[in-house]
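Here's the structure we're looking at; comments come further down.
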Number of protein chains: 2
Amino acid sequence: MRTDATEVLDSAIPVLAKDRAASMQVIASRAGISRATLVRLFPTRKLLVQAMAEKILNDCDKILARAEADAAPMDQVLTALVAEYTPFAQLWNLVYIEPDVSGLPEASTRAKAIFLRTVKVMERGQNSGLLRNDMPGTWLASTFCGLAETAWELTLEGHMGARQGPDFITAILLHGVSA
Amino acid sequence: MRTDATEVLDSAIPVLAKDRAASMQVIASRAGISRATLVRLFPTRKLLVQAMAEKILNDCDKILARAEADAAPMDQVLTALVAEYTPFAQLWNLVYIEPDVSGLPEASTRAKAIFLRTVKVMERGQNSGLLRNDMPGTWLASTFCGLAETAWELTLEGHMGARQGPDFITAILLHGVSA
DNA sequence: TGCAATTGAAACATCGATGTGTCAATAGAG
DNA sequence: CTCTATTGACACATCGATGTTTCAATTGCA
């Protein structure tokens, strides 16, 4: 039963996102393996965290590239972006918090670039008349990322089904909580 | 120059909210005092964190009590609640993350109670017809708390003036990012 | 100025997490 | 079935953070 590094990584992401101080022991237990095996896969805690960051950054890159290339009307672009929001929620919960990541010039730079590209998408929405123009794109992008985090936490806590996340985000993002 | 514990607490909150693993050394430096002095004020790291939690919980208690007693129309109640959002943002950034807090039965219970009371306020808004009724109050309350966090982070990063936070939250909360 | 209180600096022991290594048990391919 | 590779359990040294103590320097009041 050879241990799959990718599976370990996937199970480690929510653990570390929730508690950045989680020990290798805890991470290993959640993954259902021993600390020794975990250390064999990722000899250093820093390597583990960096592998997580790289996976998440790659996911976000792909999703953003798709949104940027999408020539459809902005409301459809936004809906598609929201539908794959999960990596964004994990990105900011992990990359932004973890010194082993934000200390890495490469990861830090990529994270900033991803945020700036998200801002660009929002500004495209502003120019197309879909999104409000009375606040900077930065705020709108942060709102999107924040809502992604909120949906993710609601899902983790069991208040929300995994399938409901995207619709929740779209509804609140576009129309707020008003009746 | 006798050190003021309250000032130390105030400067420690953003530090610990951003990085729960921040050492006593770092916290002391940010407060402009030595580790020895910090330890004299808060003999244990746990005591420091608990003092922070208690301060924030007290702030939230007061604000919620005001909102609950307020007989004004719901839109005014909500605006008043949002105007004092900062403690809420700090609450979830700290209490939710920090084991020394969530491990404390008292703090954990109080945090849950505060969230439930926030849900109640949102449900009052739903019953009054101000807020949408197609999703549970839990989601609306989480949205509010999440937006508070977003505004707080935008402020910390310098993207938003401190005075703009409440208006931003109200605008997005009620109407979303649509034009 | 002189005294009491407070602070900062340093040394020290302790504790938990980490990284390294070893070895027996076991899964899986041949 | 046999052999090889992988895993889990354990022991060990190391490192950083913590909490404690001591002492000199500095502050602020009498």
Side-chain angles (χ1 to χ4, degrees), chain A residues 1-55 93-104 107-108, chain B residues 1-55 93-108:
Chain A
M1 57 171 189
R2 180 170 196 141
T3 305
D4 182 6
T6 304
E7 286 181 10
V8 175
L9 219 50
D10 284 337
S11 81
I13 288 177
V15 177
L16 263 188
K18 175 156 189 171
D19 177 13
R20 99 154 199 78
S23 67
M24 297 289 274
Q25 178 64 258
V26 171
I27 297 173
S29 300
R30 296 288 188 93
I33 61 177
S34 71
R35 189 172 76 96
T37 303
L38 177 62
V39 169
R40 272 185 210 103
L41 290 174
F42 304 96
T44 293
R45 183 199 178 82
K46 182 177 280 191
L47 287 176
L48 167 65
V49 173
Q50 289 176 2
M52 288 171 51
E54 198 172 326
K55 179 191 186 314
N93 255 325
L94 172 66
V95 175
Y96 184 74
I97 294 294
E98 179 67 49
D100 279 343
V101 176
S102 53
L104 268 192
S108 183
Chain B
M1 56 172 192
R2 180 169 195 141
T3 306
D4 181 8
T6 304
E7 287 182 9
V8 174
L9 219 50
D10 284 336
S11 82
I13 288 177
V15 177
L16 263 188
K18 175 156 188 171
D19 177 14
R20 98 155 199 75
S23 67
M24 297 289 275
Q25 178 64 260
V26 170
I27 296 174
S29 299
R30 296 288 187 95
I33 61 177
S34 69
R35 190 172 74 97
T37 303
L38 177 61
V39 169
R40 273 186 209 101
L41 290 173
F42 304 97
T44 292
R45 183 198 177 82
K46 182 177 281 192
L47 287 177
L48 167 65
V49 173
Q50 289 176 2
M52 288 171 50
E54 198 172 328
K55 179 192 186 315
N93 254 324
L94 174 65
V95 174
Y96 184 73
I97 293 293
E98 179 67 48
D100 280 343
V101 175
S102 53
L104 267 191
E106 187 217 341
S108 183

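Side-chain atoms are counted along with the backbone in the values below, which use heavy atoms only and exclude waters and symmetry mates. A, B, ... follow the sequence lines: proteins, then strands. Residue 1 opens every chain.
Residue-to-nucleotide proximity on DNA chain C shows that, of Thr44(A) and Ile33(B), the 5′-proximal contact is made by Ile33(B).
No more than 12 heavy-atom neighbours from other residues, nucleotides or ligands sit within 6.0 angstrom of CZ on Arg30(A).
Taking the side chain as every heavy atom from C-beta outward, Thr37(B) and Ser34(B) approach each other to under 4.5 Å. Taking the side chain as every heavy atom from C-beta outward, Lys55(A) and Ile13(A) approach each other to under 4.5 Å. Two residues are said to be in side-chain contact when any heavy atoms from C-beta on lie closer than 4.5 Å; Lys46(A) and Val49(A) fail this criterion.
For Phe42(B) and dA17(D), the CZ to P distance is 20 Å, given to the nearest whole Å. The nearest whole Å value for the distance from the NZ atom in Lys46(B) to the P atom in dA17(D) is 20 Å. If you measure from atom CG of Leu38(A) to atom P of dT18(C), you get 9 Å, rounded to the nearest angstrom. Leu41(B) has its CG atom 11 Å from the C1' atom of dT7(C), to the nearest Å.
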B/S/- contact track for nucleotides 9-16 of chain C, protein heavy atom under 4.0 Å: B-B-----
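For DNA chain C, the residues of residues 21-32 of chain A within the heavy-atom distance limit of 4.0 Å (strictly under) are Ser23(A), Met24(A), sorted by number.
In this structure, Leu9(B) and Leu48(B) approach most closely via the heavy-atom pair CD1-CD1, 3.8 Å. Counting all heavy atoms, side chain and backbone alike, Asp10(B) lies closest to Pro14(B) at O-CD, 3.0 Å. When all heavy atoms are compared, the tightest approach of Ala51(A) to Phe42(A) is CB-CE2, 3.8 Å. Taking both residues in full, the closest heavy atoms of Val15(A) and Ala22(A) are given as CG1-CB, 3.9 Å, listed atom of the first, atom of the second, then distance.
Phosphate proximity of dT7(D) to Thr37(A): absent, as no side-chain N or O sits under 4.0 Å from OP1 or OP2. A sub-4.0 Å separation between OP1 or OP2 of dT6(D) and a side-chain N or O of Thr3(A) is absent.
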